[in-house]
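Below is one structure, written out as structure tokens; the observations come after it.
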2 protein chains.
Amino acid sequence: MTVSKTATLDAAKPPRPARKDGADGAGEGGGPLQMGELAELLGYSLKRAQLKVFEDFLRCVAPLQLTPAQFSVLLLLDKNPGRNQTEIANTLGILRPNFVAMLDGLESRDLCARMRSTNDRRSHILVLTDKGRAVLARAKKLVATKHEARLDELLGPANRLALLEMLAKIAREF
Amino acid sequence: MTVSKTATLDAAKPPRPARKDGADGAGEGGGPLQMGELAELLGYSLKRAQLKVFEDFLRCVAPLQLTPAQFSVLLLLDKNPGRNQTEIANTLGILRPNFVAMLDGLESRDLCARMRSTNDRRSHILVLTDKGRAVLARAKKLVATKHEARLDELLGPANRLALLEMLAKIAREF
DNA sequence: GATAATTGTTATCCACTATATCAAATTCCG
DNA sequence: CGGAATTTGATATAGTGGATAACAATTATC
């Protein structure tokens with residue numbers, strides 16, 4: 001059913017440049033579409049902006065192979081030593097079942113470790129490894145000098161701070 | 001293996017109130033965790049705020065059973081009649097394959113319809129049905145009077161506008 | 001008229017999210 | 001003390017969103 005008929009031939013065929021129409025992204029009806037009330041919908045711009053920011057984060061921190069979620073875990077572990085999985089996961093809004101695989105990934109890369117607590121032998125105390133601290137330090141530098149710096153450049157420091165505070169307020173009180 | 005042993009008994013057991021410790025969400029180490037640099041990470045607050053806003057959107061528009069994505073499609077169809085699937089999907093950042101099932105859902109609820117174009121018999125011209133227009137009108141009212149109004153109340157109209165413009169700028173230029 | 005591109009579609013695949021359930025360990029409370 | 005309930009980490013599983021490859025029908029290109 002999934003017989004690759006063209007796949008073996010595609011490499012031998014240099015595709016054509018583009019289409020005749022020089023205008024990009026437009027159909028028969030005319031130019032770009034009207035966004036209408038979408039432009040005033042906060043949630044819409046919020047979502048599009050979030051995707052862009054995460055995309056840039058991944059680019060900037062690509063040499064360390066860290067996702068935003070992984071970076072946030074390393075940050076929390078560094079600032080909150082001696083906590084268990086439930087506490088870290090809850091703080092980040094990650095469900096405990098989903099946090100297991102995430103920790104497996106970080107632990108398999110020797111960025112953090114689970115240690116059985118002596119007080120409560122159910123829980124795992126999470127700690128950063130030396131490598132984890134080193135990676136975190138490098139990641140922080142990349143984020144600050146490339147990622148956040150680019151946002152500063154786009155918005156200006158004052159606006160960036162105002163934006164941050166409003167977003168934090170929404171996340172906290174909405 | 002997945003024999004439900006406790007499920008049949010759970011209903012008969014009224015669970016206890018809570019735990020002994022009155023302080024909520026804290027572990028052995030102390031109170032709430034330190035957020036550290038996370039508080040200054042724009043992407044982090046952006047993501048948390050986006051989740052909150054979408055959550056509230058779903059609540060406000062729940063009687064109409066519309067997701068933010070579905071609402072955005074209805075809005076675009078209303079403002080841009082005579083466009084095909086590729087144009088609508090591209091404008092919303094939805095990949096064409098994923099847009100098919102989405103349209104199936106809207107069409108099965110008689111909110112929109114696909115019409116074969118006479119010019120190009122490959123493409124489907126998308127149109128809102130009467131019911132689709134009615135639902136959209138009610139949705140717009142709910143969004144304005146409940147959802148956006150609540151954001152206005154939290155931030156103030158001026159701040160809300162400033163926030164919107166910064167997010168739009170990020171989505172556009174970042 | 002042959003070749004390439006476009007449109008809608010299907011089939012997958014991956015990441016993320018959500019719920020139910022479990023065993024081990026701990027707490028609660030009579 | 002001792003049984004019932006809770007907590008913790010874990011597994012399985014399902015749902016959703018996003019992404020790529022491939023395909024048939026149609027249209028554009030040269």
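We name chains A, B, ... by the order of the sequence lines, and we start the count at 1 in each one. Quick note: numbers below take in every heavy atom, side chains included, and nothing from hydrogens, waters or symmetry partners.
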How close or far is atom P of dT26(D) from atom NE2 of H124(B), stated in whole angstroms?
-> 11 Å
Separation between CG (L76(B)) and CG (L38(A)), nearest 0.5 Å, reads 5.5 Å
Output a table of donor-acceptor pairs, distance under 3.5 Å, between side-chain atoms of residues 134-143 of chain A and any protein atom two or more places apart or on a different chain; print 'none' if there are none.
residue, atom, partner, partner atom, Å
K140(A), NZ, E37(B), OE2, 2.6

Whole Å only: how far is the CZ atom of R116(B) from the P atom of dG8(C)?
-> 9 Å
When the distance from CE of M115(A) to P of dT8(D) is rounded to whole Å, what number comes out?
-> 18 Å
Nucleotide dG18(D), atom P - distance to CG of N90(B) in whole Å | 14 Å
Please list all pairs passing the salt bridge (Lys or Arg N to Asp or Glu O under 4.0 Å) test where one or both residues lie in residues 151-168 of chain A, with sequence neighbours left out.
-> E148(A)-R160(A), D152(A)-R160(A)
Residues in salt bridge (Lys or Arg N to Asp or Glu O under 4.0 Å) with R133(A), at least two apart?
-> D130(A)
Polar pairs (N or O, both sides) under 3.5 Å between protein and nucleotides 24-26 of chain C?
residue, atom, partner, partner atom, Å
dT26(C), OP1, R121(A), N, 3.0

Using the salt bridge (Lys or Arg N to Asp or Glu O under 4.0 Å) rule, collect all pairs that involve residues 38-48 of chain B, keeping only residues at least two apart or in two chains.
-> none
Do any pairs count as a ring pair (Phe, Tyr, Trp, His ring centres under 6.0 Å) and have a residue in residues 78-118 of chain B, sequence neighbours left out, and if so which ones?
-> none
Close approaches to DNA chain D from residues 92-103 of chain A, in residue order (heavy atom, under 4.0 Å) = P97(A), V100(A)
R83(A) CZ to dG9(D) C1': how many Å, rounded?
-> 18 Å
Mind listing the side-chain donor-acceptor pairs of residues 56-68 of chain B below 3.5 Å, one per line with the distance, residues two or more places apart or on another chain?
residue, atom, partner, partner atom, Å
D56(B), OD1, R59(B), NH2, 3.4
D56(B), OD1, R150(B), NH1, 2.4
D56(B), OD2, H147(B), ND1, 2.6
T67(B), OG1, Q70(B), N, 3.1
T67(B), OG1, Q70(B), OE1, 3.4

Testing dG8(C), dG9(D), dA10(D) for proximity to the side chain of S123(A), the answer is dG9(D)
Would you say dT6(C) has OP1 or OP2 under 4.0 Å from some side-chain N or O of T86(B)?
-> no
Using a cut-off of less than 4.0 Å, is there contact between a side-chain N or O of Q85(A) and OP1 or OP2 of dT7(D)?
-> no
Atom pair distance, as rounded to whole Å: NZ in K47(A) and P in dG17(D) | 9 Å
What is the distance from CD of Q50(B) to C1' of dC16(C), rounded to the nearest Å?
-> 13 Å
When rounded to whole Å, the CG to C1' distance for the pair L51(A) and dA15(C) reads 14 Å
Residues in side-chain contact (heavy atoms from CB on, under 4.5 Å) with N90(A), at least two apart?
-> T86(A), R96(A)
Evaluate the side-chain proximity of L155(A) to I170(B): yes if any heavy-atom separation is below 4.5 Å, no if none is.
-> yes
